[in-house]
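Take a look at the structure below.
Both backbone and side-chain heavy atoms feed into the values below; hydrogens, waters and symmetry mates do not. Counting starts at 1 for both ligands and their atoms, in listed order.
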Amino acid sequence: MKLSARARSIGASPTLALDAKTKQLIREGVDVISFGVGEPDFDTPNHIKDAAIEAINAGFTKYTPASGIIELREAICAKFKKDNNLEYKPENILVSSGAKHSIYNAVQVLCDEGDEVIIPAPYWVSYPEMVHLAGGRPVILPSGIETGFKVTAEQLEEAITPRTSLMILNTPSNPTGAIYTRDELEKIAGVCVKHNVAVISDEIYEKLIYEGEHVAFAAVNPEAKEITVTVNGVSKAYSMTGWRIGYAGGPADVIKAMSNLQSHATSNAASISQKAALEGLAGPQEPLEAMRVEFKKRRNYMVERLNEMPGFKCLTPPGAFYVYPDITWLIGKKLAGKQVTSDSALADILLDDARIAVVPGTAFGTEGNLRFSYATSMEKIQEGLNRLAEVLETLE
Ligand code: PMP
Ligand code: GLU
């Protein structure tokens, strides 16, 4: 069969592809330590699982409204109010099958054929592909270690053209853990409002903050709220990646358009998962803090060890669960007898010769970085970094 040009233009998500490869190697008996995918290693808290079991036993196993059950949308409104000082009604909320799905829907309804969509780099792997799938053109705004991996309002203003319709912002960031301050967000919002550029603000790592505070982009002022779709979800905060629940909050007409689209593509997110997410958001929040404290310990350990390795230079990321070292010094050298020609080549060598999985920076739109996820146990982090240190002894 002839594949469409659209299908031919995209490949698999590099993070998910690496995860599949790592899991396959582990199944085959190869002892690989994964710093690849961003997936909390903690189990979903028991009270959340129990809510799902109850839903099944009560026969809550049928279609729900496409945009999600009213109780969950109300709980999301309460969350937005409590955590972000954002006033929304259920008509402003869409529940999707993961935050990824909410972002996809938002891009589809906010980006026309030929529109330019501004994406700060390093970016999460799926943003540019989603823009391509909507017929838009990603315009990448670079940022580096010297600005803490953040773009500025001035940079944004320079990149805006009459074709710019949308910006995709991510705070805290995957892959760098950078967090935008209120002041930085206010300036960015000023530029977006002035040029009538809509914003998708992906705030899925909101609960994973070790220094500083999370500020919702839509909450910086009333004008910002009018132009923003805020996306969040339960995957990272409640260790619920497999349940597939994410959500969006925004102007009612945009949410309605997203819901219409979703109603033709996937209908509602799984009814049972919606009940579980409701318990996650409305139930006890203690497990969340316990996970955050553990992540912080791991982050500190990983940053310290990585900075001791030859050729590795990294900031202490204030949020999310990734460390993003610069490894440009290693490019052109030899490791385990192999030429390090790029960050991807280095990631391949690390998988083959150190048996650790990491994602190369090129997947996130920068060259000369690796992404290490520390969403894995302290023992594995220690062992994985020992392996890295060992392979670095072969450096020529
Ligand atoms: N946004 C970012 C920045 C992410 O890292 C992820 C990865 N899981 C998602 C969105 C999607 O999360 P999910 O679909 O599991 O809710
Ligand atoms: N977002 C996670 C990551 O970056 C999960 C993989 C994905 O959804 O792409 O590793």
>> Suppose we call two aromatic rings close when their centres sit under 6.0 Å apart. Are F42 and F295 close by that rule?
In response: yes
> Is K236 close to ligand 1, meaning an N/O of one under 3.5 Å from an N/O of the other?
Replying inline: yes
>> If the cut-off is 4.0 Å to any non-hydrogen atom of R244, which atoms of ligand 1 fall inside it?
In response: 13 (P), 14 (O), 15 (O)
>> With a 4.0 Å heavy-atom cut-off, what residues sit around ligand 2?
In response: S13, T15, L16, V37, G38, K100, W124, N174, K236, Y322, R371
> Given that the side chain starts at C-beta and the backbone is N, CA, C, O, which of these parts of E39 lies under 4.0 Å from ligand 1, counting heavy atoms, or is it both or neither?
Replying inline: neither
> Is K150 positioned over the aromatic face of Y180, cation under 6.0 angstrom from the ring centre and no more than 45 degrees off axis?
Replying inline: yes
> Between F35 and Y374, is the ring centre distance below 6.0 Å?
Replying inline: no
> Short N/O distance, under 3.5 Å, between S97 and ligand 1?
Replying inline: no
> What atoms of ligand 1 come within less than 4.0 Å of a heavy atom belonging to Y127?
Replying inline: 3 (C)
> In terms of side-chain heavy atoms, does Y127 have a donor or acceptor partner in D202 at a distance below 3.5 Å?
Replying inline: yes
>> I'd like to check whether D202 has a polar contact with ligand 1, where a contact means an N/O of the residue lying under 3.5 Å from an N/O of the ligand.
In response: yes
>> Regarding ligand 1, does N174 bring an N or O atom to under 3.5 Å of one of the ligand's N or O atoms?
In response: yes
> Of all the non-hydrogen atoms in the protein, which one sits nearest to atom 6 (C) of ligand 1, and at what distance?
Replying inline: W124 CZ2, 3.4 Å
> Is it true that R298 and D41 have a side-chain N and a carboxylate O under 4.0 angstrom from each other?
Replying inline: yes
>> Quick test: of every protein heavy atom, which one is nearest to atom 16 (O) of ligand 1, and how far off is it to 0.1 Å?
In response: A99 N, 2.7 Å
> Looking at F364 versus Y322, is the centre-to-centre ring distance below 6.0 Å?
Replying inline: no
> Within 45 degrees of the axis of the six-membered ring of Y88 and under 6.0 Å from its centre: does K81 put its NZ or CZ there?
Replying inline: no
> Quick one: do the R73 and N92 side chains pair a donor with an acceptor below 3.5 Å?
Replying inline: no
> Under 4.0 Å from any heavy atom of G98, which atoms of ligand 1 are there?
Replying inline: 14 (O), 16 (O)
> What protein heavy atom sits nearest atom 12 (O) of ligand 1, and how far away is it?
Replying inline: I204 CD1, 3.8 Å
> Under a 4.0 Å N-O cut-off, is there an ion pair linking R163 with E116?
Replying inline: no
> For atom 15 (O) of ligand 1, which candidate among G38, G242, S235, S13 provides the closest heavy atom?
Replying inline: S235
>> Looking at E211 and R299, is any side-chain nitrogen of the basic one under 4.0 Å from a carboxylate oxygen of the acidic one?
In response: yes
> Does any N or O atom in N170 lie less than 3.5 angstrom from one in ligand 1, N or O only?
Replying inline: no
>> Does this structure show an ion pair linking R387 with D31, if we count only N-O contacts that are shorter than 4.0 Å?
In response: yes
>> I'd like to know if E206 and K236 make a salt bridge, using a cut-off of under 4.0 Å between side-chain N and carboxylate O.
In response: no
